[in-house]
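So that the names make sense, note that chain A is the first sequence line, chain B the second, and so on, each numbered from 1.
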Amino acid sequence: MKNRLRVLRAERNWSQADLANRLGVSRQTINAIETEKYDPSLPLAFAIGRLFELHIEEIFSDKPEA
Amino acid sequence: MTHTNPDRARGFRQFTIGMLAYTVIVIAGGFLLEPQTLTPLVAALIALLPIAAALWAMAGWLKAVRTFDELQQKIFSESGLIALGLTAVATFTYGFLEVLMGLPKVSMFAVFPFIAATFALAQPFVRRRYA
């Protein structure tokens with residue numbers, strides 16, 4: 001699943017560890033989501049959305065990039 | 001995820017104490033008691049005594065693992081499944097060879113260390129899939 005997590009994180013100058021701490025997950029989990037090797041659960045996706053004040057669809061997309 | 005999660009520390013402590021208790025009970029049962037002097041029922045009860053410690057240890061392990069985040073739990077689960085699969089294949093294969101080729105009998109006590117070893121070996125490979 002495609003996502004904009006790396007971009008959103010970079011806009012706020014957060015490291016992967018910063019974001020991991022804010023979400024209560026490991027840095028490896030953030031890295032796996034950013035590299036699209038792991039799709040987060042719905043509760044984690046909602047937590048990410050809340051943190052960035054965006055809807056889930058504005059962060060994650062299951063459509064192939066144009 | 002912090003490494004000082006108190007529930008995780010409690011879970012791992014329970015696991016460690018449970019496994020130590022299991023080991024002590026098994027060794028004490030093996031060395032101190034003579035089965036031929038006991039009735040079959042008492043001997044069976046003593047033989048089953050370590051199970052309580054092992055179950056308590058397992059509960060501690062689960063408590064600790066449930067404090068991990070979702071990806072870490074997935075890695076643990078996949079590693080556990082690989083360990084169980086490899087153990088099943090290894091025990092079936094050895095069982096056949098034991099019958100067909102007359103290989104020496106291996107104690108059932110070897111099964112748990114085998115699971116633990118394959119679980120530990122599987123983890124880095126599973127972890128690498130998500131790195």
*Indicate, with yes or no, if Tyr22(B) and Ile51(B) share a hydrophobic cluster defined by side-chain heavy-atom contacts under 4.5 Å among Ile, Leu, Val, Met, Phe, Trp and Tyr.*
no
*Would you mind listing every ring pair (Phe, Tyr, Trp, His ring centres under 6.0 Å) that reaches into residues 20-56 of chain A, with sequence neighbours excluded?*
Trp14(A)-Phe52(A)
_Atom pair OG/NZ of Ser41(A) and Lys74(B) - distance to nearest 0.5 Å_ = 11.0 Å
_Less than 4.5 Å apart, side chain to side chain, heavy atoms only: is that true for Val25(A) and Glu70(B)?_
no
*Hey, quick one: are Leu42(A) and Leu71(B) part of the same hydrophobic cluster, counting side-chain heavy atoms closer than 4.5 Å, chains of contacts allowed?*
yes
*Are Ile17(B) and Phe12(B) linked, directly or through other ILVMFWY residues, by side chains that come within less than 4.5 angstrom of each other?*
no
*Indicate if Leu49(B) and Trp56(B) have the same hydrophobic cluster label, given that clusters are the connected sets of ILVMFWY residues with side-chain heavy-atom separations under 4.5 angstrom.*
no
*asked:* Is the shortest side-chain heavy-atom distance between Asp69(B) and Gln28(A) below 4.5 Å?
replied: no
*If contact means a heavy atom pair closer than 4.5 Å, which residues of residues 109-131 of chain B contact chain A?*
Arg127(B), Arg129(B), Tyr130(B), Ala131(B)
_Which atoms of Pro43(A) are under 4.5 Å from chain B, going by heavy atoms: the side chain, the backbone, both sets, or neither?_
neither
_Cluster link Leu103(B) to Val106(B), ILVMFWY, side chain under 4.5 Å_ = yes
*asked:* Can you tell me if Glu11(A) has over 12 outside heavy atoms packed within less than 6.0 Å of its CD?
replied: yes
